[in-house]
Amino acid sequence: MALRVPVSALWPQSQLICVQMENEMARQMDNMRRSADLMNQLQHVLRREVLDTDKVPRSAARGAPSCKVEKDGQHFYATLEVEDFTPEELTVKQVGRKVLLSGKKEKKEESEEGSYSYRYQEFRRELELPEDVNPEELSCSLNNGQLRIEAPRKALPSVPERVVPIKSDVSGRLKNGEEE
């Protein structure tokens, strides 16, 4: 059972539908422009906060703390830049020949306008102690924003001096890597 509607009866309705759709699209475009403007304003505010070096500590701006490893004849040293952390916010654990370093800091601030900001910093590092380092004597200190891990190197057993004989082919020819 098909319903037949004359074509002329649909024409005025379709024009009204198109006008309504155009109006709705214009309204949605205005909403999108306003949203884009708000996003641009937010981007400028965030960029200003990140670039303001007086409010953002240097270590937060650069990311994870840098680690410098050094060895001299007597000691092994590892130094991390952790200037924003207190000793209570840092953890140093030794598991066998591995040293696990971590830091965790949370800070909540309220501005004069009543808004809040929350900053969370966390890092984790893992160092492998060289074979010639004594892990039992590992020590750690924090001075001027630098966490220093230190361990004495083991004394290598002294090898007595000896003359090493030189093997040579007397005839000057070798056959399959063996003397003829």
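Computed from heavy atoms alone, side chains included, the values below leave out hydrogens, waters and symmetry copies. These numbers come from a predicted model, not from an experiment.
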Hey, mind stepping through Arg153 and Asp132 against salt bridge (Lys or Arg N to Asp or Glu O under 4.0 Å) and telling me if it holds? CA-CA 6 Å; Arg153 295 175 76 180; Asp132 64 343; 2.4 Å; yes
Please walk me through it: do Ser115 and Glu110 pass side chain to side chain contact (heavy atoms under 4.5 Å, CB included)? CA-CA 6 Å; Ser115 62; Glu110 183 177 355; over 6 Å; no
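Within a 6.0 Å sphere centred on CD of Gln74, heavy atoms belonging to other residues, nucleotides or ligands number 12 at most.
The CG atom of Leu142 sits 9.0 Å away from atom CD of Gln146, with the distance rounded to the nearest 0.5 Å. Taking CG from Leu101 and SG from Cys140, the interatomic distance works out to 7.5 Å, rounded to the nearest 0.5 Å. A distance of 5.5 Å separates CG of Leu129 from CZ of Phe76, quoted to the nearest 0.5 Å. For the atom pair CZ (Phe85) and CD (Glu122), the distance works out to 8.5 Å, reported to the nearest 0.5 Å. Ser102 OG to Arg124 CZ: the interatomic distance, rounded to the nearest 0.5 Å, is 6.5 Å. Put simply, CD on Glu150 and OG on Ser141 are 7.0 Å apart, with the number rounded to the nearest 0.5 Å.
Neither side chain, Gln20 nor Glu24, offers a donor N or O lying under 3.5 Å from an acceptor on the other. Looking only at atom types and distance, the side chain of Glu109 has no donor-acceptor partner in the side chain of Tyr116 under 3.5 Å away.
Residues Tyr118 and Glu106 form a side-chain contact, since some pair of their non-hydrogen atoms from C-beta on lies under 4.5 Å apart. A 4.5 Å side-chain heavy-atom check between Asn143 and Arg148 finds every atom pair outside the cut-off.
Contact record, Arg125 with Ser66: NH2-CA, 3.9 Å, taken as the closest heavy-atom pair. The minimum heavy-atom distance between Thr79 and Glu70, with the atom names listed, is OG1-OE2, 4.4 Å. The shortest heavy-atom contact between Gly103 and Leu90 is CA-CD2, 4.0 Å. The nearest pair of heavy atoms linking Gln121 to Asp84 is NE2-OD2, 3.9 Å.
Clustering ILVMFWY residues whenever any of their side-chain heavy atoms sit less than 4.5 angstrom apart, transitively, puts Leu80 in the very cluster that holds Val69.
Under the rule for a side chain to side chain donor-acceptor pair (under 3.5 Å), the partners of Glu89 that lie at least two apart in sequence or sit in another chain are Thr86. For Arg34, the side chain to side chain donor-acceptor pair (under 3.5 Å) partners at least two apart in sequence or on another chain are Asn31.
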Side-chain donor-acceptor distances from residues 92-100 under 3.5 Å, at least two apart:
residue : atom : partner : partner atom : Å
Gln94   : NE2  : Gly96   : O            : 3.3
Gln94   : NE2  : Pro135  : O            : 3.0
Arg97   : NH2  : Pro130  : O            : 2.3
Arg97   : NH2  : Glu131  : O            : 3.4
Arg97   : NH2  : Val133  : O            : 2.8
Lys98   : NZ   : Glu126  : OE2          : 3.2

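Asp30 and Arg33 are joined by a salt bridge, as a carboxylate oxygen and a charged side-chain nitrogen come within less than 4.0 angstrom of each other.
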